[in-house]
Amino acid sequence: MSGAANRRRGPRERAGQSRLAALMLSPTLVVLALVVLYPLLSAVRESFYTSGETLDADGFVVEGERFAGLANYSGVLGERFVNALANTTLFTVATVSIEVVLGVLMALVMHRAFRGRGFLRASILIPWAVPTAVSGLMWRWIFQADGVANTIIGQQILWTTEGVQAKIAVIVADTWKTAPFVGLLVLAGLQIIAGEVYEAARVDGASAWQTFWRITLPLVRPALLVAVLFRMMDALRVFDLPYVLIGPRKHSVETLSALIWDEATRVHYGPASAYGTMLFLYIALIAFVFVKLLGADLLADVRTRRRVAS
Amino acid sequence: MRRPVADVVAVVTAFVTFFPIYWMVLSALKPAGEIQSLDARPWTLAPTFEHFQRVLTGENFSRYFLNSLFVALTVVVLSALVAFLAAVAVTRFTFRFRTTVLIMFLVAQMVPVEALTIPLFFLIRDLGTAVPGVGLNTLGALVLVHLAFSLPFAIWMMRGFVAAVPEALEEAAMIDGAGRATILWRVIFPLVAPGLVATSVFSFITAWNDFIFARTFIISAKDNQTLPAALLVFFKPDENDWGGIMAASTLMTIPVLIFFIAVQRRLIAGLGGAIKD
């Protein structure tokens, strides 16, 4: 069953392993094939088709699905798609980078031993457990014209109207909600750093700052990379927070997912599928570049990595 | 960080993160007249449960609440079992398409869900005619879809927990004559159980957060709606009922909080194991 045993046994044993692995993976693969793969493929196919009534070359009415080539993709060059792409990218870059800084800070704070730590941890992590729709509503309430945000800063800003302030509101709310997720994964990474490493640094007279940059950060890097990868993939697909906080069809906060949803609910199925395909390719590209540049070991066999590390 | 500085940072961080939630609960408890008043006071002298009462008695809220709970808990149990099997397969066995399978899990995490709602709608409709219980307007459809979208991350996290189980234990069990099934369920499963609990938080939140699928699949069966639908009831064209919205939001947050606080300690300790490698 184990890797070490595997090397000692013959090819028949390995064939048995493959069969058993296939058996154990089958529930996952069936569910994913049905709910993710099949709809994804049909969306890609649909992005090249059009439906509804039109007139053909001879002036007759034709109905049903017809191959449309790249016609559905024409909107990709349009202002609305480009704007949504820019918004999505802005939100992703802004929220993920702020979350990394805040998340590491939160993790360091939560990691220290002191009385009332459990309480502190809970209050820092709670935002992540708040349902997205609820946090959208909550921030909308806070960002009302006569809401508490304006009271605190002493300004009269119309946060939930079109403009830069709406983007800021979305970034604040999203960061509030998901920085704890990064903090949680980094905290988990911090917990496995052996105390002796810090001891040695202290003996060598390293400053707190040096300790952080030279020891803590490199050692939590794997945990941070996992957190950033999954956060990026989620941030690029963000939909419900801007939708609930600011509203649907708002130019300054419309993300690609929101645009797709809007097209789909107006039964513009072809363009919706084309935009969905583009977004999928965009996320795949970014994840690919990220894994290539920073985390080649993310996909590696966990066992070999551990053996190399020890 | 030096102690006094770190203490201040800790208190400020906790305060800032907690304040919005305090504000939500406070607004739910304020009497109607105070909610819209212009000077927003951070306390109330006359707390009231009128908003909670209105939410709990009106518009099937408790029904939606139980539906959401049923979907989330079913997803948690199924996802833990299925992810456990898959994680053991990808960490303990060597087979030809191992890396391909891992990449596929990542790819599933990249799919824009909104683009799939229409194909999923047709899939669920057709599935419903073949398998009763997972068609349109059923909670089973929601379970199936959330199971799929929670699996990739769950397997990804479980991989580390399974790898942390010493292989010597399995070999010892094998020498003692234990079969594969025995090793799987009697040796590995109990050892990764804390990891399963930790992972279940992610699945619970995925399912509980649902906003889109409930609106897509549950079209006519009002009794099978879930919580987000209940939230929308309080939006009126003229004046939003903020007291009601905040009370409903508070109620919707409580189950996740209970679940989260119950497993919090295990979550942090467990994730340490998951990330070690």
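Quick note on labels: first sequence line is chain A, next is B, and so on, each numbered from 1.
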Contact winner vs chain A - B:Ala108, B:Ala148, B:Ala115, heavy-atom pairs under 4.5 Å: B:Ala148

A:Tyr38 side chain reached by B:Pro119 side chain, heavy atoms, under 4.5 Å: no

Chain B contact via A:Tyr243 - which portion, at a heavy-atom distance below 4.5 Å: side chain

A:Leu23 CG to B:Arg180 CZ distance, which is reported to the nearest 0.5 Å: 11.0 Å

Beyond-backbone contact of B:Trp23 with A:Met138, side-chain heavy atoms, under 4.5 angstrom: no

Distance in Å, A:Tyr275 OH paired with B:Glu114 CD, rounded so as to fall on 0.5 Å steps: 15.5 Å

Side-chain touch A:Leu105/B:Val9, heavy atoms, less than 4.5 angstrom: yes

Interface residue of largest heavy-atom contact number with chain A, from B:Ile212, B:Thr117, B:Val101, under 4.5 Å: B:Ile212

Which of A:Trp209, A:Trp139, A:Phe212, A:Tyr269 touches chain B most, by non-hydrogen pairs under 4.5 Å: A:Tyr269

Per-residue contact mode, A:Asp234 against chain B (heavy atom under 4.5 angstrom): side chain

Residue pair B:Phe95, A:Leu20: steps toward the side-chain contact (heavy atoms from CB on, under 4.5 Å) verdict: CA-CA 10 Å; B:Phe95 53 97; A:Leu20 196 59; over 6 Å; no

A:Arg237 (side chain) donor-acceptor with B:Val111 (main chain) under 3.5 angstrom: yes

Part of B:Ile124 within contact of chain A (heavy atom distance under 4.5 Å): neither

Portion of A:Tyr282 that has a non-hydrogen atom of chain B nearer than 4.5 angstrom: neither

Contacting region of B:Leu144 [heavy-atom separation from chain A under 4.5 Å]: both

Side chain proximity check, A:Ser123 to B:Tyr22, heavy atoms < 4.5 angstrom: no

A:Trp128 and B:Phe202 aromatic centres sub-6.0 Å: yes

When A:Ile260, A:Leu102, A:Ile124 are compared by non-hydrogen pairs under 4.5 Å with chain B, the top option: A:Ile124

Top contributor to chain B contacts, counting heavy-atom pairs under 4.5 Å, from A:Pro39, A:Ser26, A:Ala264: A:Pro39

Within-4.5 Å side-chain heavy-atom neighbours: B:Arg98 and A:Leu25: no

Chain A contact via B:Leu81 - which portion, at a heavy-atom distance below 4.5 Å: neither

CE-CG distance between B:Met252 and A:Leu137, expressed to the nearest 0.5 angstrom: 9.0 Å

Within-4.5 Å side-chain heavy-atom neighbours: A:Pro131 and B:Val256: yes

Among the listed options B:Phe97, B:Phe153, B:Phe105, B:Phe122, the residue most often paired with chain A at heavy-atom distances under 4.5 Å: B:Phe153

Which atoms of B:Phe19 approach chain A - backbone, side chain, both or neither, heavy atom under 4.5 Å: side chain

Which atoms of A:Leu125 approach chain B - backbone, side chain, both or neither, heavy atom under 4.5 Å: both

Most chain B-contacting option - heavy-atom pairs closer than 4.5 Å, from A:Leu34, A:Asp240, A:Leu37: A:Leu34

A:Val220, part contacting chain B, at a heavy-atom distance under 4.5 Å: neither

Option that, when pairs with chain B are counted at under 4.5 Å, heavy atom only, ranks first among A:Pro27, A:Ala129, A:Gly276: A:Ala129

When B:Leu116, B:Leu227, B:Leu257 are compared by non-hydrogen pairs under 4.5 Å with chain A, the top option: B:Leu116

Which portion of B:Thr216 sits near chain A, non-hydrogen atoms under 4.5 angstrom: side chain

Distance-only polar pair, side chains of A:Trp141 and B:Ser27, donor-acceptor under 3.5 Å: yes

Engaged part of A:Phe181 at the chain B interface, taking heavy atoms whose separation is under 4.5 Å: side chain

Euclidean distance, B:Leu106 CG relative to A:Ile283 CD1, rounded to 0.5 Å: 12.0 Å

Pick from B:Ile205, B:Val107, B:Ile118 with the largest number of heavy-atom pairs that fall under 4.5 Å of chain A: B:Ile118

B:Met104 and A:Leu29: CA distance, side-chain angles, deciding distance, side-chain contact (heavy atoms from CB on, under 4.5 Å) verdict: CA-CA 10 Å; B:Met104 258 185 49; A:Leu29 295 180; 4.0 Å; yes

Toward chain B, the part of A:Leu190 with a non-hydrogen atom under 4.5 Å: neither

Region of B:Ile21 in contact with chain A, defined by heavy-atom distances below 4.5 Å: both

Approximate separation, where rounding is to 0.5 Å, of B:Phe93 CZ and A:Arg19 CZ: 12.0 Å

Note, A:Val134 side chain near B:Asn209 side chain (heavy atom, < 4.5 Å): no

Heavy-atom proximity to chain B below 4.5 Å, by part of A:Ser257: both

Audit row: B:Thr13, A:Leu120, side-chain contact (heavy atoms from CB on, under 4.5 Å) steps and yes/no: CA-CA 9 Å; B:Thr13 316; A:Leu120 178 86; over 6 Å; no

Closest heavy-atom pair and its distance - B:Leu120, A:Val35: CD2-O, 3.6 Å

Proximal component of A:Phe280, with respect to chain B [non-hydrogen, under 4.5 Å]: both

Per-residue contact mode, B:Phe149 against chain A (heavy atom under 4.5 angstrom): side chain

Sub-4.5 Å side-chain heavy-atom contact between A:Phe239 and B:Val113: no

Sole residue of B:Val90, B:Leu85, B:Val82 in side chain to side chain contact (heavy atoms under 4.5 Å, CB included) with A:Met24: B:Leu85

B:Thr17 vs A:Met106, side-chain contact (heavy atoms from CB on, under 4.5 Å): CA-CA, chis, key distance, verdict: CA-CA 10 Å; B:Thr17 49; A:Met106 284 174 172; 3.6 Å; yes

Straight-line distance of A:Leu285 CG to B:Met110 CE, nearest 0.5 Å: 10.0 Å

